[in-house]
Structures are given as structure tokens and as C-alpha cells.
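Quick note: numbers below take in every heavy atom, side chains included, and nothing from hydrogens, waters or symmetry partners.
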Amino acid sequence: MGMLITRTEDLYHILPELEKMDLVAVDTETTGLDPHLNQVILFQIGTPTKQFLVDTRRASLEPLRPFLEGPKPKVLHNAKFDYKMIRGTFGIKMENLIDTMILEQVLTSGAQERGFGLKDLAAQYLNIEMDKSERSSFMAHTGDFTEAQLDYAVRDIIHTYQILLKQVPKIVQQGLEHTAKLECLVIPAFGDMEFDGFFLDTEKWNQLIKISEIERDKAKAELDRIFKATRKSDNLFGWVDINYDSDEQLKKALADLGIHVEDTSRETLMGIKHEVKDWLLIYREHQKVLSTYGESFLKHIHPKTGRIHCDFKQLGAESGRVSCTNPNLQNIKAESEFRSAFVAPPGRKIITCDYSGCELRIIAELSEDPVFLKTFHEGGDLHAIVASTMFNKPVSKTENPELRKQAKFINFGLAYGMGAQGLATLVGCSEKEAEKLLNQYFKTYPKIKKFLDTAAKKALKEGYSETIGGRKRYYDISQIHSNPRERAAIERKAKNAPIQGTNADMTKLALVYIREEFKKRNLDALLVNTVHDEIVVESAEEIAEEVGKLVHDCMVKAGKYYLTKVPVEVEYEVAEFWKK
DNA sequence: ATCTGTGGCGCG
DNA sequence: AAAGCGCGCCACAGAT
């Protein structure tokens with residue numbers, strides 16, 4: 001049973017004991033899930049042999065600030081949550097966190113869909129059935145904590161600690177030390193990004209919505225006009241009551257026009273030779289905007305901070321990439337101004353930074369193709385150079401541009417394990433011709449072919465792919481002999497995984513560096529978003545240029561950590577709003 | 001009334 | 001005909 005602490009001054013007395021521990025487990029119980037609206041009411045810290053429970057309604061954690069912000073390793077389960085709650089309640093930004101949930105995701109990437117809760121891991125590693133029913137009792141709790149609550153609180157940190165001890169040898173055994181360390185180091189960066197949020201200009205957003213509404217309604221009126229002719233006796237007043245958002249209804253309606261389609265995807269619609277096509281595409285575009293980026297998006301503005309606080313899933317993708325929800329800030333429309341509605345508040349600036357040509361550089365690094373490497377070192381139009389070497393013809397953006405385009409499709413398609421069929425639809429040629437193109441490509445660039453083939457072969461043989469940073473993505477290879485489709489799918493994933501995953505390695509390390517620098521220099525600058533090869537920062541106006549250079553340098557440094565054969569280039573722009 | 005799967009589409 | 005990689009959100013449609 002842990003020791004309950006209810007007075008701030010008592011925390012000074014436990015510090016020497018905490019310092020003696022090589023590793024401490026930490027957990028919190030809170031009044032809710034929102035770090036801006038709810039508080040930590042119980043703070044737990046300790047080891048399996050000694051635990052302290054701090055009633056933070058009565059005692060402040062301030063005496064522990066240097067310890068929590070210091071180098072002592074702290075293990076938590078889902079550390080980002082406690083990080084944000086502790087930052088929200090006490091303004092303390094914990095450092096040197098280890099997260100058993102993140103570690104489990106690193107250990108099983110691709111092999112396990114879910115089951116990363118503390119309860120799941122306790123069952124798996126400790127053979128213990130945890131009863132989590134006590135957790136909700138803290139939400140509206142007043143008065144002294146019950147014995148059951150304190151018991152529960154103690155068990156959480158003991159189990160977390162013990163799980164970590166079991167995970168560590170597995171990490172070493174699987175060669176995941178670097179990835180595990182990286183993922184743990186970057187946790188506070190995601191905590192800060194979520195806590196600080198991204199400011200959105202509501203008025204500007206509303207204007208964009210209005211424009212889309214007008215355009216959509218116009219398109220809808222035109223569609224009604226077109227379809228009205230086909231349904232004279234539909235109803236009394238001649239209304240057209242087709243729901244254009246329903247694929248079934250749309251297919252039927254199109255059939256009445258003599259247009260028969262298998263599906264209603266944009267690609268299929270584009271093939272229609274009837275004015276209905278244009279209006280449908282316009283309708284679709286604006287309807288998409290209004291549903292995904294419409295008024296519903298504004299409900300994510302926090303009532304207290306006035307900013308948007310999304311939820312990053314640090315290992316959201318099996319490749320190691322981050323994903324983002326509630327709302328997803330990684331798929332905001334790049335064109336048509338929606339991005340620029342994410343603005344800097346008065347007196348501040350937004351700095352948008354991204355790795356240029358990141359995936360192609362990684363391909364160059366991994367394949368060691370001489371032409372790719374040379375082009376990145378000396379500068380030049382890679383797509384044009386690839387095309388001219390493939391076809392033995394001069395190619396540039398003006399000379400034989402169609403060949404450049406073909407090379408560009410192949411260059412990007414490579415990273416997806418694209419085949420002849422995919423290339424054919426992209427280029428608009430026959431599958432035979434696409435096959436010839438690919439053959440020519442790989443004949444000219446044998447090292448790239450070798451890299452892709454090796455990546456696929458390794459996955460089938462070893463059951464995993466690997467990034468430059470040693471991040472692994474596991475596959476179920478039990479079916480590959482009986483199921484050629486499954487096998488092909490793994491091959492494609494394996495061609496992509498080292499590329500996409502190394503990009504994730506780089507961007508995450510950059511986030512670590514950037515946060516470190518902001519802290520070290522005490523800069524009035526915030527991380528506000530990250531989108532795979534891009535990092536967005538908000539800072540005070542006066543230092544924006546300096547911050548831009550700093551972020552640039554951090555991203556280059558992180559890139560160079562992984563890419564040693566190819567130069568790393570980062571672009572940044574200082575503006576009133578999110579660019580690109 | 002609420003859940004789940006699917007088609008479609010926004011981003012890198 | 002389940003696919004060129006990785007995601008999340010929306011509306012619809014069918015099921016509970």
C-alpha cells in the first residue's frame with residue numbers, strides 16, 4: 001500500500017527517496033479527459049516496492065517540478081495523456097518519459113491491431129486480470145479517497161513498471177532500441193502540440209463555407225434541371241427528389257439518361273460524355289468540402305482556448321507514420337484557401353517547413369542509384385533526367401514534356417510498388433505499353449529495381465520490413481504460399497515501408513530537436529502541426545525568421561542523421577497563415 | 001436509436 | 001476483379 005500525501009511540504013521529504021530510484025512509474029487520476037477543463041486529483045509515483053500517492057486537490061506538485069522535468073526516467077502507460085493533464089493542472093512539462101503503450105506498438109507494429117490498454121498488457125505480460133472499474137470513480141469524486149481507489153491507483157503504477165521490465169529485453173532482442181527511444185523522446189512534442197492547439201480564423205472559414213454552399217447549390221440546380229426531363233410523372237409538382245449523395249440513387253438516375261456506370265467514383269464520372277458530368281463533379285467537390293470541412297469542423301474549436309486541439313496517434317500507421325483525429329489536421333484542403341484559414345493570432349506568425357522531395361531522396365539513399373544521387377547532389381530536374389536517360393532523348397518541362405510526365409509517374413509510383421496496370425491507368429496507355437515503360441525504367445535504373453526486389457524478398461523471408469532507423473513493420477507471412485494476392489500485397493507494402501517509415505523517423509526526430517531548442521532558448525514558439533514531411537510552428541512575430549531558420553536546421557540535422565549519401569533539403573516559409 | 005461496413009475523397 | 005502505399009471523415013444503407 002502506498003503512502004498518501006496531502007500536504008505540499010511533505011513532497012520535499014520524499015524527493016531524496018525518489019532520487020534514489022533508477023526508474024519511477026507515474027500515473028494520474030483526473031476529473032476528466034480534457035487538460036484544459038479537467039484536473040489531476042491524484043498523482044501516483046514510485047516503484048513496485050514503494051509508492052507515493054499525492055492528493056493533488058490539497059497538495060501542489062510544485063516541489064516535484066525539477067524531478068519531473070529532470071533526467072530521471074519515468075514510465076507511464078499512455079504518457080501523452082498524463083503529460084497533458086500535468087501540464088494543464090500544474091504547468092509542469094515532464095521530460096524523459098517511457099511509455100509502455102508506445103513500446104508495445106513499436107514491438108508489434110503491423111502484427112497487432114489493438115489491445116494496447118494497460119489491462120491488455122497486464123494480462124499478456126504479467127498474467128494479471130486488472131479490474132479497471134474503479135477508474136471512473138475518480139471523475140466526480142469528492143472527499144477522502146476510498147481504500148479501493150488508492151489500491152487501484154497503486155496497482156496501476158506497479159503494473160506499468162513491471163510491464164516495462166518485460167518489454168525491455170524484447171526491444172533489445174528485436175533490435176528496436178533506436179525506434180523505442182525515438183518514439184519515447186517525441187511524446188512531449190505531441191503532448192505540446194495537442195495542448196497548445198492551432199488557431200483557426202472562424203470568419204475566414206465561414207466565408208469559404210458560404211462560397212462552397214453557393215457553388216454546390218448552383219450545381220444541384222443544374223442537376224435537377226437535367227434529371228427533371230427524365231422523370232415527368234415523378235410527383236405532383238415536378239420536383240426532382242434524387243439524393244445525389246446516394247450512389248444507388250445516382251446510378252439509377254444516370255441510367256435514365258442512358259448512362260450506365262459500375263460505380264460513381266470521380267474517375268468513372270469523368271469518362272461520361274454528357275453535361276451532367278461537369279455538374280456532378282462540381283457538386284461532389286463542394287459537397288465534400290461542406291461535409292468534411294464545413295460547420296461541423298468548427299465544433300472542434302475549444303470553448304476555453306479558442307483553438308483546435310486535435311489528437312495525434314503517434315503510431316497511427318503501420319509504417320510508423322503519425323495519424324491525426326478529432327479533427328484530422330493532416331488532410332486539410334491544400335488548395336482553395338482552407339489551409340490559410342489556420343492563422344497566427346495577432347502579433348504572431350506561422351512558419352511552414354517541409355522536407356523537399358523526401359521520399360525520392362530516401363529511394364536514392366536506399367538504392368544508391370548513381371543518377372539519383374548525382375542529381376540530388378548537383379541539383380537538376382530528376383523526372384526530366386530519368387526520362388531522358390530512359391528514352392535517350394532530350395527532356396525538360398518544355399521539351400518532350402509527356403516523357404517527363406511518364407517518368408514522374410513511375411518515380412512516385414515506385415514508392416507504392418506500382419505495377420504495369422496501375423501505371424497504364426495513370427499514363428493513359430495500354431498495359432502492354434506500361435509494361436514496356438517499366439522494363440525500360442528498370443533497365444536504366446537497375447539499382448532501384450534491386451532495392452525494391454530486395455525489400456520485397458526480405459519481407460517474405462523474414463516477416464518484416466525495416467527503415468533506416470531500424471523501425472520494423474511486421475507481416476503475417478503464413479498465407480503467402482497459398483495466397484498469391486496476399487503475397488503480392490505484402491510485396492507492395494514492403495517496397496513502400498522503408499520509404500514511408502524512414503520519412504516518419506526523420507520527421508519525429510526533427511520534432512524532438514525542435515522542442516529541445518525551443519526549450520533551451522526559451523523561445524516564444526509553439527509546435528502546432530505535423531503532416532508526414534512537414535512541421536508547422538507558431539511564434540512571436542519578432543523572432544519568426546529566427547525560429548524559421550532554427551526549425552530548418554533541426555529538420556536538416558534530423559534528416560542527415562538517417563540520410564548520409566544524399567543531401568537533405570528543407571524549405572520554410574514565414575507567413576500570417578499556414579502555407580502550401 | 002445506435003452500430004458497422006462501404007464507397008468516395010481529403011491529405012502526404 | 002479486393003487493391004499502387006499510408007491514413008480519417010462523411011453520408012448512406014443495412015442491421016441490431
Residue pair A:E573, A:I351: steps toward the side chain to side chain contact (heavy atoms under 4.5 Å, CB included) verdict: CA-CA 6 Å; A:E573 202 163 351; A:I351 304 141; over 6 Å; no
N or O in side chain of A:S323 less than 4.0 angstrom from C:dG6 OP1/OP2: no
A:D453 bridged to A:K449 by N-O distance under 4.0 Å: yes
Electrostatic pair A:D505:A:R471 at N-O distance under 4.0 angstrom: yes
Salt-bridge contact A:E433-A:K436 (side-chain N to carboxylate O under 4.0 Å): no
Phosphate OP1/OP2 of B:dC11 contacted by A:K580 side-chain N/O (<4.0 Å): no
Stretch residues 249-277 of chain A: residues that reach within less than 4.0 Å of DNA chain B through a heavy atom: A:D263, A:T264, A:S265, A:R266
Contacting residues from residues 484-508 of chain A, given that a heavy atom lies under 4.0 angstrom of DNA chain C: A:R485, A:R492, A:K493, A:N496, A:Q500
Pair A:D196 + A:K84: basic N to acidic O under 4.0 Å: no
Between P of C:dC5 and CG of A:N411, the distance in whole Å: 18 Å
Closest listed nucleotide, where the reference is the side chain of A:N243 and the choices are C:dC12, B:dG7, C:dC9: C:dC12
Helical stems, DNA chain C - three or more consecutive Watson-Crick or G-U wobble pairs below 3.5 Å: B:1-12 with C:5-16
Contact residues, residues 278-303 of chain A to DNA chain C [heavy atom, < 4.0 Å]: A:K288, A:S291, A:T292, A:S296
Donor/acceptor link under 3.5 angstrom from A:N331 side chain onto base of B:dG10: yes
d(CG, A:D247; P, C:dA11) in whole Å: 14 Å
Within 6.0 Å of CD in A:E275, more than 12 heavy atoms from elsewhere: yes
Distance in angstrom units between A:D245 CG and B:dG8 P, rounded: 13 Å
Review item, side-chain donor-acceptor pairs of residues 314-323 of chain A, under 3.5 Å, at least two apart:
residue, atom, partner, partner atom, Å
A:Q314, NE2, A:E183, O, 2.6
A:Q314, NE2, A:E183, OE1, 2.7
A:E318, OE1, A:R473, NH2, 3.1
A:S319, OG, A:R321, N, 3.3
A:S319, OG, A:Q500, OE1, 2.6

Would you tabulate the side-chain donor-acceptor contacts of residues 204-211 of chain A under 3.5 Å, counting partners in other chains and residues two or more places apart, or write 'none'?
residue, atom, partner, partner atom, Å
A:K204, NZ, A:S340, O, 3.1
A:W205, NE1, A:Y293, O, 2.8
A:N206, ND2, A:T202, O, 3.3

P gap between C:dA1 and B:dT6, integer Å: 15 Å
Below 4.0 Å: OP1/OP2 of C:dG6 and any side-chain N or O of A:R473: yes
Short N-O contact, A:E213 and A:R216, less than 4.0 angstrom: no
